[in-house]
Amino acid sequence: MGDLYLVFKNLTRKKMRLALTLFATFIAFMIFGTISAFQSALDSGVELSADDRLITVNKINFTQPLPIAYYNRVRTVDGIVEVTHLNWFGGYYQDPKNFLPMMAVNENTFLKVYNELVLTDEEEAAWKGNRQGLIVGENAARQYGWKKGDRIPINSNIFSQKDGTTSWDFTIEAVYTGEQEQTDTSGLYFHYKYFNETQSFGGNYIGWMGVRTADPARNGEVIKAIDDMFVNSPFETETVPEKAFNQAFLAQIGNLGLILSSVIFAAFFIILVIVGNSMILAIRERTSEIAVLKTIGFKSGRIFAMVLSESIFLALMGGGLGLLASFGLIELFNGSGVAQLPTLVLKPHIIMQSLMFMLLLGGITGIFPAITAQRLNIISALSRH
Amino acid sequence: MSETLFDLKNVRKYFTRGAEEIHVFDGLNLEIEKGDFVAIMGPSGSGKTTLLNMLGGVDQPTDGEISFSGDRIDNLSEGALANWRATNIGFIFQFYNLMPMLSAARNVELPLLLTNLSAKQRKENVATALELVDLADRTTHKPREMSGGQQQRVAIARAIVSDPKMLLCDEPTGDLDRETADEILSMLQLLNRDFGKTIVMVTHDPLAAKYAKRILHLDKGNFISEEVD
Ligand SMILES: Nc1ncnc2c1ncn2[C@@H]1O[C@H](COP(=O)(O)OP(=O)(O)OP(=O)(O)O)[C@@H](O)[C@H]1O
Ligand SMILES: [Mg+2]
């Protein structure tokens with residue numbers, strides 16, 4: 001038997017209280033882990049944006065189109081590695097509920113600009129060679145049970161074909177993966193030519209362009225060169241770094257970070273009160289026991305350490321289990337096949353942060369009872385009978 | 001040949017309660033020899049517990065000297081006193097004061113956590129102490145699974161397990177029936193006679209006091225009479 005045995009015995013002496021405080025901490029850290037993973041996934045859109053990628057959109061609004069002719073003109077700008085163009089297709093599979101982030105792209109340049117999408121050379125060649133070829137991300141493929149070689153019809157809620165139908169036929173030439181775990185793999189991409197030639201609206205327009213630059217440090221010059229080229233034209237452009245574009249897009253959803261932080265803060269505060277209160281009660285009940293330990297010869301510092309480690313153990317136990325549960329929840333989300341959900345990862349920094357919060361929680365809830373126990377006067381404590 | 005264990009010289013102990021100053025002791029002198037078994041009697045509020053607390057080093061006199069085996073303990077720091085208590089004093093309380101979540105053996109082992117004995121040695125000492133109080137068959141029982149007398153025997157085992165010279169008991173039989181009290185008192189007597197433990201016991205019970213070698217009557221902060229067995 002050592003001091004740890006005493007700590008453990010004290011911790012477990014009231015099973016109901018232990019269960020309740022563990023449960024409260026458990027819930028708090030489960031929420032914390034899961035929400036942090038969500039937040040990190042949202043942020044990763046910004047984090048993972050390539051520094052050497054720019055987006056050129058219509059200056060009026062990024063939903064307004066640009067003439068296809070711009071594509072070849074932008075390609076002539078100095079300091080550019082490659083340019084591609086994309087059109088939002090408004091695709092859905094079988095039911096409008098099954099909305100798909102699907103784009104018509106220039107198949108020759110798309111993968112050179114968006115090189116975080118991983119597929120084999122053969123697959124790439126097959127896609128380029130098939131006018132009706134489609135590449136789908138593994139996240140989307142998992143949700144709808146698609147695999148390479150499948151022939152699937154996809155509808156658009158924006159466009160229709162010249163014959164009036166809204167359905168297009170595609171062959172899946174590749175299921176691509178992401179370069180990194182959090183790379184978005186919910187997108188579908190097909191040939192602009194197929195789109196442009198079959199749809200019934202005015203043709204030869206593109207949605208926006210993706211531009212890869214040779215040197216991120218010189219992005220400013222490239223941006224100026226592109227936008228200057230089209231100034232005073234009916235379609236003026238606005239070119240921005242991808243990171244800035246994604247940040248602005250996130251900001252439109254609302255300040256999610258603030259909301260998440262408030263939820264987390266509220267949860268912690270409640271836990272602090274619950275666990276702190278229970279620790280204070282626990283120590284108050286043990287007043288005479290602590291006095292006896294001191295009488296026998298246990299020093300104040302040792303008693304202080306025992307009480308503090310009790311609350312820290314409690315926080316680590318509940319918090320650890322909660323974090324484990326959030327891990328399970330995240331796997332559940334990731335496996336749910338809902339393509340709209342970003343890939344969630346419990347990154348090391350989230351785990352470190354959680355551990356820190358556990359220690360903080362244990363420290364704050366334990367410090368006052370520990371000081372009380374340390375200062376406890378033997379005589380007054382024992383004469384209370 | 002006798003050896004003085006405790007020597008109290010001109011001990012004063014004052015408490016302040018609000019504006020009032022209570023003089024519990026105002027120049028108390030007392031010697032306790034090694035191997036003695038002293039019973040302290042006296043009316044409530046006469047200072048019995050206060051005296052025991054000062055002997056045990058959990059309280060300090062306002063003025064005067066307390067020596068133990070020739071060394072002053074009245075001016076030791078809190079930490080030094082804790083060490084001194086751990087090696088020299090075994091405490092026995094009226095309400096046993098065992099840890100409710102620990103088994104009898106674990107309760108007895110507590111003072112040994114303050115020594116550097118190995119786990120094996122600790123276990124042996126615990127077994128010896130429990131055997132001495134006749135509880136070898138109750139080692140795994142929790143306090144609530146035992147009678148008052150058994151709990152007090154565990155407390156006695158806890159008090160003697162680290163082999164202190166001195167046992168201090170504050171009304172050790174105050175919560176027990178006559179028969180059980182006699183059992184406990186005989187045990188203390190045995191520890192005094194056969195194991196050489198010096199014992200100071202506070203009691204209200206004249207029959208309990210009879211087990212001691214001498215009885216001191218305390219009143220208004222001074223010893224008013226002494227009976228020697
Ligand atoms: N911490 C304290 N603060 C103030 N007064 C105290 C304190 N401890 C004891 N006293 C006072 O000192 C006096 C002696 O108290 P003590 O507890 O020593 O008496 P006692 O002889 O043990 O009495 P009892 O037989 O009731 O246990 C009492 O008047 C008591 O009120
Ligand atoms: Mg008393």
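Within every chain, numbering begins at 1; the chains are lettered A, B, ... in the order of the sequence lines, protein sequences first and strands thereafter.
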Margin query: Can you confirm whether A:Lys299 sits close enough to B:Leu114 that some side-chain heavy atom of one is under 4.5 Å from a side-chain heavy atom of the other?
Written below: no
Checklist line | Min side-chain heavy-atom separation B:Leu110-A:Leu6 under 4.5 Å | finding: yes
Next item on the list: First locate atom CZ of B:Phe95, then atom CG of A:Leu382, and finally report the distance between them rounded to the nearest 0.5 Å.
Entry: 11.5 Å
Next item on the list: Quick one: pull up CE in B:Met101 and OG1 in A:Thr12 and give me the separation to the nearest 0.5 Å.
Entry: 8.5 Å
More than 12 foreign heavy atoms under 6.0 Å from [atom1] of [X]: is that the case here?
{"X": "B:Glu124", "atom1": "CD", "value": "yes"}
{"X": "A:Phe357", "atom1": "CZ", "value": "yes"}
{"X": "B:Phe15", "atom1": "CZ", "value": "yes"}
{"X": "A:Phe268", "atom1": "CZ", "value": "yes"}
{"X": "A:Lys14", "atom1": "NZ", "value": "no"}

Next item on the list: Check each atom of A:Tyr5 against the heavy atoms of chain B and say whether the ones under 4.5 Å are side chain, backbone, both or neither.
Entry: side chain
Check: Under a 4.5 Å heavy-atom cut-off, does chain B meet the side chain of A:Ile296, its backbone, both or neither?
Finding: both
Notebook entry, point to check: So which residues of residues 300-321 of chain A are in contact with chain B at a heavy-atom cut-off of under 4.5 Å?
Noted result: A:Ser300, A:Arg302
Check: Sub-3.5 Å donor-acceptor pair from the side chain of B:Arg85 to the main-chain atoms of A:Lys294, do we have one?
Finding: yes
Check: Does B:Arg122 reach the main-chain N or O of A:Met1 with its side chain, forming a donor-acceptor pair under 3.5 Å?
Finding: yes
Notebook entry, point to check: Non-hydrogen atoms of chain A under 4.5 Å away: do they reach the side chain of B:Leu102, the backbone, both or neither?
Noted result: side chain
Notebook entry, point to check: Is chain A contacted by the side chain of B:Gln94, its backbone, both, or neither, given a heavy-atom distance below 4.5 Å?
Noted result: neither
Check: What residue in B:Arg106, B:Glu109, B:Met99 has the most heavy-atom pairs under 4.5 Å with chain A?
Finding: B:Arg106
Notebook entry, point to check: Picking from B:Pro111, B:Gly79, B:Ala86, B:Ala82, which has the most non-hydrogen pairs under 4.5 angstrom with chain A?
Noted result: B:Ala82
Next item on the list: Check A:Gly2 against B:Leu113 and note the closest heavy-atom contact, atom names and distance.
Entry: CA-CD2, 4.2 Å
Item checked: Residues of residues 38-63 of chain B with any heavy atom under 4.5 Å of a heavy atom in chain A -> B:Asn53, B:Val58, B:Asp59
Notebook entry, point to check: Applying a criterion of heavy atom separation less than 4.5 Å, what residues of residues 134-173 of chain B form contacts with chain A?
Noted result: B:Arg158
Checklist line | All side-chain hydrogen bond (donor to acceptor under 3.5 Å, both in side chains) counterparts of B:Ser118, not counting sequence neighbours | finding: B:Gln121
